[in-house]
Amino acid sequence: MTTAAESTVTFDGRFARELAELAVPWQAEEAQDPKLLVLNEALADELGLDPGYLRTPEGVRLLVGNRIPEGATPVAQAYAGHQFGGYSPLLGDGRALLLGEITDSNGRLRDIHLKGSGRTPFARAGDGRAVVGPMLREYLVSEAMHALGIPTTRSLAVVGTGRLVRRDDMLPGAVLARVAASHLRVGSFQYARATDNIELLRRLADHAISRHYPAAADADNPYLALFAGVVSSQASLLAQWMLVGFVHGVMNTDNMTISGETIDYGPCAFMDAFNPAAVYSSIDVGGRYAYANQPVIAEWNLARLAESMLPLINEDQEQAVAPAVEALGAFRKQYSDAWFAGMKTKLGLPAGDAGTPESGTASELVDGAIAILKDGPVDYTQFFRNLGQAARGNFKPVRGMVLDLSAFDAWAERWQSLKPDADLMDQVNPVYIPRNHLVEEALAAATEGDMEPFTGLLEAVRAPYRERPGLERYAEGAPEEFGNYMTFCGT
Ligand code: AMP
Ligand code: MG
């Protein structure tokens, strides 16, 4: 029977068809008593899926993988990956399925993926399940990232499964329906390379070019152009994370996309007080994925991608190394340029590095701002937003945040002499981010069945740059007693 939703949307199984060696056909575990917790109606519309249908019992079954739409071939994807620096030759979707791809209303191909849908052949010791808190965290943070203008996978829905799942406690189970440009990861290339099947590796690269870097197909060396494209996308992405104070938390190569979208929100967090060493993941004891390390880690991950792609870049791998190293070498400059341009905008300064004798150069001003933040503790998000008020002549809020007032005033006088653009600042410096204490509050309530705090926070972060009366609590920093924030990998 053709339903309303399925008459407008056709699922494809392009990944499963073109890359069968990386796709294990599999079925979701039956959800006992599925209950829709949150649905992204705007995203459903964009995908051409009828939100009304998705709210019906049949629509909810589709969102947990228990109703397979026509044309869909659910598969668990195989990939490898370096986790905290150590190589695992076989990871793969242990608790997730790619339901299939659909063409959205803008003509873009999007993956519909289910996380928490039960054990797969890649599950190892895992139970294949996910619980309400972490799935809502991914929903919330990914939607906040999207609203901030940062490339990310999206969240279509979270459905409670009605099953209790064993973690430290027994917790309510859930499935996240995730939407992505694709789920190709650095780890996908590592896996294909490790098979020694160069034809498979080439097919994977061709698939990636066609989906994400179509211009690379016309380059002299399409595979080198593909690699250079990923380097550029990731350099831009990392700059955006750093500018907004986002810490991913688990930048393993299997959690880094080829598309340049942020993926796999686990123990992630937005910094409260500026701190280059900020780590929020309880398992990251060495601080490998600390805030300030992220660009270096991205570059390290891209080096692993380059290694995997060498046989494509040149049949003679010796000959492939120099161009791959050169392409990877572009990362640092692209990252720094993007970060510096973004910092100038955060400070309301025009493009270019021109300053005046009174102000000093823009890069000196940026360095000066970072020095003030480091002198902290200064709330990173509030600092820039309050600086926007200072650009309008009200220095009180920002001066109330800094310790060394004379150093700040000297810097501010130089900065103000360039007539910073307050409106520009308000377009890039958010008022509302998913504050850690509010995220925890919202997830704890949702786990107990109360979705209201979650809904309120989601509304705030969906329009992060527009200050609204009544939402003051979402702009405030963490209360003193919140202490050092840690998220646990019990995802
Ligand atoms: P992550 O760090 O969440 O990206 O996951 C790393 C790997 O562990 C992936 O291969 C996941 O599929 C797998 N994994 C994580 N949690 C579970 C689970 N509860 N059951 C099975 N596999 C899991
Ligand atoms: Mg992952």
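For ligands, and for the atoms within them, numbers begin at 1 and follow the listed sequence.
Without hydrogens or angle criteria, D284 side chain to G287 main chain gives a donor-acceptor distance under 3.5 Å. A distance-only check finds no donor-acceptor pair linking the side chain of Q334 to the backbone of A235 [under 3.5 Å]. The backbone N or O of L243 lies less than 3.5 Å from a partner atom in the side chain of K346, making a donor-acceptor pair.
The pair D104-R108 counts as a salt bridge, with a side-chain nitrogen and a carboxylate oxygen less than 4.0 angstrom apart. A salt bridge is defined here as a Lys NZ or Arg NE, NH1 or NH2 lying under 4.0 Å from an Asp or Glu carboxylate O, and R61 with E58 fails to meet this definition. Ion pairing between a basic and an acidic side chain is recognised when a charged N comes within 4.0 Å of a carboxylate O; R137 and E440 show such pairing.
Contacts between F84 and ligand 1 below 4.0 angstrom, taking non-hydrogen atoms only, are absent altogether. Under 4.0 Å from ligand 1, not a single heavy atom of R119 appears.
Distances shorter than 4.0 angstrom occur between a heavy atom of A123 and an atom of ligand 1.
The distance from ligand 1 to the heavy atoms of L91 drops below 4.0 Å at these ligand atoms: 10 (O). Atoms of ligand 1 found under 4.0 Å from any heavy atom of G128 (numbered from 1 in listed order, with element): 18 (C), 19 (N), 20 (N), 21 (C). Taking a cut-off of under 4.0 Å to the non-hydrogen atoms of G92, the atoms of ligand 1 that pass are 9 (C), 10 (O), 11 (C), 12 (O). Counting the atoms of ligand 1 from 1 in the order shown, those under 4.0 Å from a heavy atom of N255 are 2 (O), 4 (O). Heavy-atom proximity to Y79, at under 4.0 Å, picks out these atoms of ligand 1: 9 (C), 10 (O). Interface of R129 with ligand 1, defined as ligand atoms under 4.0 Å from a residue heavy atom, comprises 19 (N).
Atom OG of S336 is separated from atom CE of M343 by 12.5 Å, given to the nearest 0.5 angstrom.
For a threshold of 3.5 Å applied to N or O pairs, the pair formed by Q83 and ligand 1 contains no separation below that value. Considering backbone and side-chain atoms alike, V250 places every N or O at 3.5 Å or more from each N or O of ligand 1. Taking distance alone, with nitrogen or oxygen atoms compared against 3.5 Å, D93 stays at or beyond that limit from ligand 1. Close N/O approach between F122 and ligand 1 is not found [any backbone or side-chain N/O within under 3.5 Å]. Checked against a 3.5 angstrom limit, the closest N/O atoms of N252 and ligand 1 fall outside it.
Here the options are D111, T153, D264, the test is side-chain hydrogen bond (donor to acceptor under 3.5 Å, both in side chains), and the partner is R178; only D264 passes.
Using a 30° and 60° split on the angle between ring planes, Y335 and F331 fall in the parallel class, below 30°. Between H82 and W300, the ring-plane angle classifies as perpendicular under the 30° and 60° cut-offs.
Between F84 and Y289, the ring centre distance stays below 6.0 Å. Here the two rings, on F227 and Y223, have centers that are 6.0 Å apart or farther.
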For this session: Let me see the working for E101 and R110 under salt bridge (charged side-chain N to carboxylate O under 4.0 Å, His left out), right down to the final yes or no.
Result: CA-CA 5 Å; E101 305 95 14; R110 313 278 288 269; over 6 Å; no

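The number of protein N/O/S atoms found under 2.8 Å from the Mg ion (ligand 2) is 2.
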